[in-house]
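Below, chain A is the first sequence line, B the second, and so on; all start at residue 1. Just so you know, these numbers use all the heavy atoms, side chains as well, and skip hydrogens, waters and symmetry mates.
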Protein chains: 2
Amino acid sequence: MAGKTKKSYHHGDLYNELFSAGKSLLEESGIHNLSLRNLAQTIGVSHNAPYRHFKDKAALMTAIADSGFEELTAAFLKIIKKYPDNPIKQFKELGLAYLKLAIQNPETTDLMFGGFTKKEKDWLAQPNQSSHASFQLLVDVIENGQAKGLFKIENPLECAIVAWSSMHGLAILITSGFLHDIATSRIQIKKLGERLTELLLLGIQA
Amino acid sequence: MAGKTKKSYHHGDLYNELFSAGKSLLEESGIHNLSLRNLAQTIGVSHNAPYRHFKDKAALMTAIADSGFEELTAAFLKIIKKYPDNPIKQFKELGLAYLKLAIQNPETTDLMFGGFTKKEKDWLAQPNQSSHASFQLLVDVIENGQAKGLFKIENPLECAIVAWSSMHGLAILITSGFLHDIATSRIQIKKLGERLTELLLLGIQA
DNA sequence: ACCTGAACACCGTTCAAGT
DNA sequence: ACCTGAACACCGTTCAAGT
């Protein structure tokens with residue numbers, strides 16, 4: 001908070017600096033090229049200092065992933081407030097915002113969905129607290145649309161899962177380069193998000 | 001091919017053994033815990049022998065990712081042949097098969113979509129040859145359904161992208177544990193795949 | 001041609017020590 | 001409490017050498 005230029009022995013704001021420089025380095029270099037040692041050196045601190053603030057590398061990664069969900073929640077809230085009493089518009093904009101954030105921060109998005117953790121055979125054993133808020137906002141919008149008689153779905157949860165899946169999958173297809181030879185212009189790619197939200201709404205709207 | 005028990009100095013089938021043991025280790029331990037050294041030791045060969053067969057670690061990962069796409073293509077072909085002249089059934093089964101494979105081999109799937117490669121800002125510059133065949137099969141099915149007047153879509157490519165995105169996203173949501181507290185039983189999870197294909201068909205069918 | 005062993009420049013993590 | 005330096009057990013990769 002106070003952080004001006006206190007560059008003596010005690011750093012002062014090392015936690016936050018590790019976090020933000022970590023997130024930058026992550027998006028620049030990818031998860032495989034981000035090392036705690038490199039990060040520490042970039043900040044100008046010994047390779048061991050981070051351990052006073054994060055238990056291990058996984059803890060830093062988790063913190064970054066959590067912040068991704070928080071960013072998402074903030075973006076969702078902003079949209080919901082911008083279009084009050086308009087679930088259709090809210091639903092559409094939520095999808096596009098998700099896509100935008102995921103494409104802008106592909107490595108963070110990867111982390112949010114287990115990019116660092118080993119995938120367990122038993123997925124039922126992996127909770128993910130920080131992701132609940134953003135997901136719940138989507139569910140709320142859908143339930144609201146249902147209550148207003150705008151959506152003809154019977155299961156808002158299922159509907160939210162399907163919508164989230166679609167947007168997430170599209171973001172990955174785009175950032176992975178899978179669509180390289182298929183949708184070659186960025187304009188086409190932007191259109192894909194809109195078409196997908198339209199198609200989802202088509203299956204949802206009354 | 002001849003590979004019986006030739007366990008002297010020259011290994012004989014090291015390439016294939018590296019590949020298959022590598023794929024097993026990958027799915028068991030996750031990408032971050034798979035090391036070439038560990039792999040070499042498992043097979044019983046010096047930590048350096050792999051370099052005679054794979055240029056580097058990335059080459060092995062690429063080979064595994066490619067095999068994932070080949071497996072997918074094989075599964076797709078089998079389905080298409082099983083339900084000839086029935087694009088609707090084909091479309092449905094393709095989706096479910098994709099989901100099944102992705103959930104069974106989450107780490108390989110991750111690799112197929114850039115899990116090892118750093119995500120480039122310019123996605124337009126990342127070709128992915130081996131993925132074309134499987135994707136094209138899906139496009140073919142959709143075009144076939146279109147020609148038969150069963151599907152009311154105007155752009156088969158766009159439709160294929162949307163369908164692929166949805167299934168891929170759902171697979172990731174499942175294997176990442178994101179749905180942990182949301183869809184808690186495997187039965188519900190299996191249903192999600194079916195519901196998603198139904199919804200997609202709803203937006204597609206004439 | 002195929003494999004090994006030593007070597008190099010990196011990792012994450014721990015531990016005793018400094019301020 | 002916060003940071004440093006040495007140390008340990010790992011990595012990927014290269015190079016000279018062995019079969």
(request) Quickly, which of L94(A), L101(A), V141(A) forms a side-chain contact (heavy atoms from CB on, under 4.5 Å) with F76(A)? Name it, please. (result) L94(A)

(request) Dot-bracket for DNA chain D, please, read 5' to 3', with Watson-Crick or G-U wobble pairs under 3.5 Å on both distances, ( ) within the strand, [ ] crossing, | other strand, . unpaired. (result) ||.|||||...|||||.||

(message) Taking the ring centre of each residue, are H32(B) and H32(A) less than 6.0 Å apart?
(response) yes

(request) Check every atom of dG12(C), dC3(D), dC3(C) against the side chain of L14(A) and return the nucleotide holding the closest atom. (result) dC3(D)

(message) Can you tell me how the ring of F91(A) sits relative to the ring of F151(A), calling it parallel under 30°, perpendicular over 60° and tilted otherwise?
(response) perpendicular

(request) Give a yes/no on whether any side-chain N or O of H53(A) is located under 4.0 angstrom from OP1 or OP2 of dC3(D). (result) yes

(message) Can a donor-acceptor pair be found, under 3.5 Å and without considering hydrogens, that links the side chain of K57(A) to the backbone of L34(A)?
(response) yes

(message) As a test of reading the structure: which of dC3(D), dG12(C), dG12(D) is closest to the side chain of S35(B), going by heavy atoms?
(response) dG12(D)

(message) Of the listed nucleotides (dG12(D), dC3(D), dT14(C)), which one gets closest to any side-chain atom of R37(B)?
(response) dG12(D)

(request) Classify the angle between the aromatic ring planes of F69(B) and F178(A) as parallel (below 30°), tilted (30 to 60°) or perpendicular (above 60°). (result) parallel

(message) What is the distance, to the nearest angstrom, from the CG atom on N48(A) to the C1' atom on dT19(C)?
(response) 16 Å

(message) Nearest to the H47(B) side chain among dC3(C), dA6(C), dG12(D), which nucleotide is it?
(response) dA6(C)

(request) Taking only the side-chain heavy atoms of A49(B) (C-beta and beyond), determine which of dT4(C), dT13(C), dT4(D) contains the nearest atom. (result) dT4(C)

(request) Would you please classify the geometry between the H53(B) ring and the Y15(B) ring as parallel, tilted or perpendicular, with 30° and 60° separating the classes? (result) perpendicular

